[in-house]
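What follows is a set of notes on a single structure, which appears directly below.
Chain letters run A, B, ... following the sequence lines, proteins first and then strands; every chain starts at 1. Scope of the values below: all heavy atoms of this structure, side chains included, with no hydrogens, waters or symmetry mates.
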Amino acid sequence: MRIPIQDVTPTTGMAEVIGWVHEVRDLGGLAFFLIRDRTGIIQVTIPKKKASKTVLAAAKTVSRESIVRVKGTVKAIDKAPGGRELIPDIFEIMSVSESPLPLDVVEKVPAELDTRLDARFLDLRRPRVGAVFQIRSVAMDAINKFFFDREFIQITTPKIVAAATEGGTELFPIAYFDKEAFLNQSPQLYKQMMMAAGFEKVFEIGPIFRAEEHNTTKHLNEATSIDIEISFADHYEVMQILEDLIISTYEYVKSKCNDQLANLDCVDFMVPKAPFPKLPYVDAITIAQKKCENKIKYGDDISTAAEKAIGEELGGHYFIVDWPTDIRPYYAMPYENDSSICKAFDLMHPRMELASGAQRVHQHDLLVQQIKRKGLNPESFEFYLHPFLYGMPPHAGWGLGAERLVMTMLNLSNVREAVLFPRDMHRLVP
RNA sequence: GCCCAGGUAGUGUAGUGGCCCAUCAUGUUUGCCUGUCACGCAAACGACUCGGAUUCGAAUUCCGACCUGGGCGCCA
């Protein structure tokens with residue numbers, strides 16, 4: 001029976017492992033093979049004078065990254081990685097790898113991201129790359145648990161839609177029989193409609209598509225959005241949930257992913273400290289004005305330079321709250337006592353924006369008015385506006401970028417590192 | 001969309017007009033080597049993105065195409 005490599009200990013006795021040939025060191029009378037599966041690496045040692053002919057023949061012909069089945073005696077030895085090595089009775093090639101390899105799995109020679117993505121399946125064999133996705137999986141598990149524990153209902157909404165959500169963002173047009181259609185940029189309108197449906201607390205984790213022609217380390221044209229919407233909640237309630245979610249996700253990863261974090265050299269993995277400061281937009285602008293060369297005025301979007309300056313000042317996760325109504329989408333609820341600012345917020349990591357949300361407008365007429373103010377046509381939003389006429393609860397929610405969460409959590413230099421097969425301006429394959 | 005940088009063996013690089021039928025590392029192949037852990041030693045193999053121009057001479061200069069990285073705007 002095959003066992004995972006990490007389960008082979010100095011006291012295992014007999015063991016059978018299956019994995020890829022990671023490295024070979026042939027010393028002449030003695031040969032060392034490092035065999036790798038997703039759980040770890042074990043050294044297989046072949047003393048050539050004692051080994052059988054079939055073992056020797058296989059060991060001689062096997063190439064790097066071929067898959068081998070190795071069965072033999074486990075020997076406790078301090079000199080070997082993990083304090084144990086395997087002396088094979090059986091060393092059988094299950095699947096041959098050609099050479100040369102498109103990239104070096106052992107990472108003696110670095111490879112550029114573009115080369116790595118072209119041969120992503122091989123790149124993902126590298127322990128530190130695999131670790132990112134094992135951690136991403138654990139983080140998503142934490143997030144699902146978090147929502148189910150709090151009695152959210154998981155929903156899925158259409159990704160093929162007839163109209164834009166917000167205007168502004170570019171959409172990918174697609175052919176839908178004889179109609180014009182688009183890939184959805186956000187589940188925003190649909191999760192709001194679920195409030196009208198009386199579901200009260202919903203979440204969705206799914207793809208979003210943005211046809212923006214940006215070329216940066218933090219943008220993707222296909223990303224994963226973690227979205228929630230809650231009835232009878234205001235923006236403060238959903239910010240609290242977001243803060244709790246971030247912290248519990250970090251905690252879960254910290255408790256479950258020791259080996260993977262070590263693989264990524266994240267030895268000082270820190271769980272963010274609560275509470276995250278809530279910085280009013282006007283104060284954020286003031287900080288940016290002090291620290292930035294370029295002129296920044298009230299009513300501007302927070303530029304990349306400003307974002308960086310404020311991030312340095314705050315040092316950790318923080319919210320920017322009380323945004324000018326004019327620079328937020330029509331569905332953000334203006335404050336009752338000052339409609340020039342609204343109940344919208346962004347969750348920021350010092351490196352970039354992670355999430356944005358708001359208490360939403362739930363009054364039909366106000367919503368129509370705000371859509372018009374943005375220069376959009378309410379008629380194209382009829383399917384969305386209709387539910388607001390029949391008992392729409394007050395509600396609030398947010399959307400959080402899964403890739404950016406992973407990227408900032410693991411201090412990855414490029415958001416593409418947090419996606420198996422990233423989609424950007426230049427890349428559609430694989 | 002705008003701006004900058006770049007494309008040299010499978011991979012990562014050096015090379016700013018002749019010293020380059022191209023450097024180094026890794027890899028692959030062969031030989032030697034019984035405790036390696038980036039094993040070591042020796043030898044061999046393998047590359048200038050494409051098209052045009054300038055020049056006695058181009059990896060190197062110029063023009064165009066294609067491809068790529070990054071910044072900005074905007075955003076998750």
Side-chain angles (χ1 to χ4, degrees), chain A residues 22-34 41-51 60-61 63-65 75 77-82 85 87 97-119 122-123 166 168-170 185-188 205-227 242 294 300-308 327-329 346-349 351-357 398-408 413-416 418-419 424-427:
Chain A
H22 190 66
E23 264 188 279
V24 180
R25 283 190 277 274
D26 187 346
L27 270 58
L30 188 65
F32 300 101
F33 291 80
L34 299 185
I41 290 177
I42 189 168
Q43 175 167 289
V44 170
T45 302
I46 303 180
K48 292 195 186 166
K49 279 184 184 162
K50 294 178 194 165
K60 192 176 161 61
T61 53
S63 56
R64 291 197 315 161
E65 295 305 317
K75 205 169 119 189
I77 182 156
D78 289 341
K79 287 182 238 176
E85 65 182 9
I87 314 294
S97 172
E98 287 194 11
S99 58
L101 298 162
L103 60 84
D104 173 23
V105 178
V106 178
E107 293 186 271
K108 281 182 192 173
V109 180
E112 289 194 1
L113 187 58
D114 193 49
T115 307
R116 293 171 45 203
L117 292 175
D118 281 341
L122 262 186
D123 183 48
E166 316 176 7
T169 303
E170 297 288 323
Q185 64 178 96
S186 157
Q188 182 63 29
I205 299 174
I208 55 170
F209 305 92
R210 309 227 163 151
E212 306 272 338
E213 294 183 354
H214 31 222
N215 192 7
T216 75
T217 53
K218 59 181 182 179
H219 289 97
L220 294 164
N221 292 296
E222 177 177 355
T224 307
S225 184
I226 301 159
D227 265 275
L242 181 50
N294 293 18
D300 287 349
D301 277 311
I302 307 280
S303 68
T304 306
E307 201 173 281
K308 188 163 176 270
I327 58 170
R328 300 297 292 207
D346 280 356
L347 173 66
M348 309 296 296
H349 178 274
R351 290 177 67 194
M352 75 192 77
E353 180 182 340
L354 294 182
S356 72
W398 43 253
L400 165 68
E403 286 81 14
R404 287 189 177 183
L405 176 66
V406 172
M407 175 189 184
T408 51
S413 59
N414 193 316
V415 72
R416 294 167 182 82
V419 201
D424 61 36
M425 261 178 87
H426 303 295
R427 184 169 287 279

- Query: According to a strict under-4.0 Å criterion, is A/Ser356 in side-chain N/O contact with OP1 or OP2 of B/A76?
  - Reply: yes
- For the side chain of A/Arg404 and the backbone of A/Val415, is there at least one donor-acceptor N/O pair under 3.5 Å apart? no
- Task: Assess whether one donor atom and one acceptor atom, taken from the side chain of A/His426 and the base of B/C67, lie less than 3.5 Å apart.
- Result: no
- Query: Taking the side chain of A/Thr216 as heavy atoms from C-beta outward, which of B/G35, B/C72, B/G12 is closest to it?
  - Reply: B/C72
- Task: Using atom CZ of A/Arg64 as one end and atom P of B/U11 as the other, report the distance to the nearest whole Å.
- Result: 14 Å
- Task: Respond yes when some side-chain nitrogen or oxygen of A/Ser63 is under 4.0 Å from OP1 or OP2 of B/U28, and no when none is.
- Result: no
- Query: Checking all strands, does A/Glu23 fall into the base, sugar-phosphate, or nothing category for heavy-atom contacts under 4.0 angstrom?
  - Reply: sugar-phosphate
- Which part of the nucleic acid, if any, lies within reach of A/Asp26 when heavy atoms closer than 4.0 Å are counted: base, sugar-phosphate only, or nothing? base
- Heavy atoms only: give me the nearest A/Arg116-A/Leu103 pair and the separation to one decimal. CA-CD2, 3.5 Å
- How far, in whole Å, is B/G46 from B/U30 if one measures between their C1' atoms? 16 Å
- Message: Please tell me if A/Thr304 has a side-chain N or O lying less than 4.0 Å from either OP1 or OP2 of B/G71.
- Response: no
- Item | Proximity to the side chain of A/Asp114 - top-ranked nucleotide from B/U68, B/G35, B/G27 | B/U68
- Query: In whole angstroms, how far is the P atom of B/A76 from the CG atom of A/Leu242?
  - Reply: 13 Å
- Query: Which whole number of Å gives the distance between the P atom of B/A59 and that of B/G17?
  - Reply: 13 Å
- Task: Report yes if a donor N or O on one partner sits less than 3.5 Å from an acceptor N or O on the other, where the partners are the side chain of A/Glu307 and the base of B/C75; otherwise report no.
- Result: yes
- Message: Suppose you measure atom P in B/C45 against the same atom in B/U8; what distance do you get, rounded to whole Å?
- Response: 22 Å
- Query: Expressed as a whole number of Å, how far does the C1' atom of B/A58 sit from that of B/A22?
  - Reply: 13 Å
- Task: Please determine, for the side chain of A/Lys79, which listed nucleotide (B/U36, B/G71, B/C75) has the closest atom?
- Result: B/U36
- Message: Side-chain N or O of A/Lys108 versus OP1/OP2 of B/G27: is the shortest distance under 4.0 Å?
- Response: yes
- Item | Base B/U36 to side chain A/Gln43, donor-acceptor N/O within 3.5 Å cut-off | yes
- Given atom CD1 of A/Ile41 and atom P of B/U36, what is their separation to the nearest angstrom? 18 Å
- Task: Mind checking A/Ile208 for me? I need base, sugar-phosphate or nothing, with any heavy atom below 4.0 Å counting as a touch.
- Result: nothing
- Message: Could you tell me how far apart A/Met348 (CE) and B/C75 (P) are, to the nearest whole angstrom?
- Response: 12 Å
- How close or far is atom P of B/U29 from atom CG of A/Leu101, stated in whole angstroms? 11 Å
- Side chain A/Asp26, main chain A/Gly28, donor-acceptor under 3.5 Å: yes
- Query: Does any non-hydrogen side-chain atom of A/Arg427 lie less than 4.5 Å from one of A/Asp118?
  - Reply: yes
- Message: Does this structure show an ion pair linking A/Asp346 with A/Arg328, if we count only N-O contacts that are shorter than 4.0 Å?
- Response: yes
- Task: Scan A/Ser303 against the nucleic acid and name what it touches under 4.0 Å (heavy atoms): base, sugar-phosphate only, or nothing.
- Result: sugar-phosphate
- Item | Value in whole Å for how far the P atom of B/A38 lies from CG of A/Leu34 | 10 Å
- Message: Counting the atoms with a prime plus P, OP1 and OP2 as sugar-phosphate, which does A/Lys75 contact under 4.0 Å by heavy atoms, base, sugar-phosphate, or nothing?
- Response: base
- How is A/Glu65 classified with respect to the nucleic acid when contacts are heavy atoms under 4.0 Å: base, sugar-phosphate, or nothing? nothing
- Using the P atom on both, measure B/U60 against B/G52 and round to a whole Å. 14 Å
- Item | Separation between the P atoms of B/A47 and B/A9, rounded to whole Å | 9 Å
- Message: Any base atoms under 4.0 Å from A/Thr217, or only sugar-phosphate, or nothing? Heavy atoms, all strands.
- Response: sugar-phosphate
- With P as the reference atom in both, quote the distance from B/C19 to B/G10 in angstrom, rounded to an integer. 24 Å
- Message: Show the nearest heavy-atom pair for residues A/Leu354 and A/Leu400, with the distance to one decimal.
- Response: O-CD1, 3.4 Å
- Tell me what A/Asp78 touches on the nucleic acid: a base, only sugar-phosphate, or nothing, going by heavy atoms under 4.0 Å. nothing
- Test item: A/Arg210 and A/Ser186 side chains (from C-beta on) under 4.5 Å apart, heavy atoms: yes
- Query: For A/Ile77 and A/Met425, take the nucleotide of RNA chain B holding the closest heavy atom to each; which residue's nucleotide lies nearer the 5' end?
  - Reply: A/Met425
- Tell me: CG of A/Leu122 to P of B/G12, nearest whole Å? 13 Å
- Message: Under 4.0 Å, counting only non-hydrogen atoms across every strand here, what does A/Ala111 touch: a base, just sugar-phosphate, or nothing?
- Response: sugar-phosphate
- Message: Please find the pair of heavy atoms, one from A/His22 and one from A/Val106, that lie closest to each other, and give the distance.
- Response: O-CG2, 3.1 Å
- Euclidean distance for P, B/U68 against B/C32 (whole angstrom): 47 Å
- Please confirm whether the backbone N or O of A/Val24 pairs with a side-chain atom of A/Arg64, one donor and one acceptor, at under 3.5 Å? no
- Walking RNA chain B from its 5' end, the first of A/Ile87 and A/Lys218 to be reached, judged by nearest nucleotide, is A/Ile87
- Side chain of A/Thr45 only, please: which of B/G35, B/G12, B/C74 is the nearest? B/G35
- Is a side-chain donor-acceptor pair under 3.5 Å present for A/Glu98 with A/Ser63? no
- Calculate the interatomic distance between A/Asp301 atom CG and B/A76 atom P; express it in whole Å. 10 Å
- Query: A/Lys48 near the nucleic acid: base, sugar-phosphate alone, or nothing, with a heavy-atom cut-off under 4.0 Å?
  - Reply: nothing
- Message: Closest approach to the side chain of A/Leu220, judged atom by atom: which nucleotide of B/A76, B/G12, B/G35 is it?
- Response: B/A76
- Within-4.5 Å side-chain heavy-atom neighbours: A/Met352 and A/Thr216: no
- Task: Please state whether the base of B/G10 and the side chain of A/Glu98 form at least one donor-acceptor pair under 3.5 Å?
- Result: no
- Note on the structure: Considering only heavy side-chain atoms of A/His219, the closest of B/C72, B/C74, B/G70 is B/C74
- Heavy-atom pair of closest approach, residues A/Pro47 and A/Leu30: CA-CD1, 3.8 Å
- Query: How would you label the contact of A/Ala402 with the nucleic acid (heavy atoms, under 4.0 Å): base, sugar-phosphate, or nothing?
  - Reply: nothing
- Message: Given a 3.5 Å cut-off on both pairing distances, which stems involving RNA chain B, each at least three consecutive Watson-Crick or G-U pairs, are present, if any?
- Response: B:1-7 with B:66-72, B:10-12 with B:24-26, B:27-32 with B:40-45, B:49-53 with B:61-65
- Message: Regarding A/Leu354, tell me which of base, sugar-phosphate or nothing describes its non-hydrogen contacts under 4.0 Å with the strands shown.
- Response: sugar-phosphate
- Message: Counting the atoms with a prime plus P, OP1 and OP2 as sugar-phosphate, which does A/Pro102 contact under 4.0 Å by heavy atoms, base, sugar-phosphate, or nothing?
- Response: sugar-phosphate
- Note on the structure: With the side chain defined as heavy atoms from C-beta on, A/Glu212 is closest, among B/C75, B/C74, B/C72, to B/C74
- Task: Describe the nucleic acid contact of A/Asn215 in one word from base, sugar-phosphate, nothing, applying a heavy-atom distance below 4.0 Å.
- Result: base
- Message: Is it the case that B/C75 (base atoms only) and A/Arg404 (side chain only) share a donor and an acceptor within less than 3.5 Å, ignoring hydrogens and angles?
- Response: yes
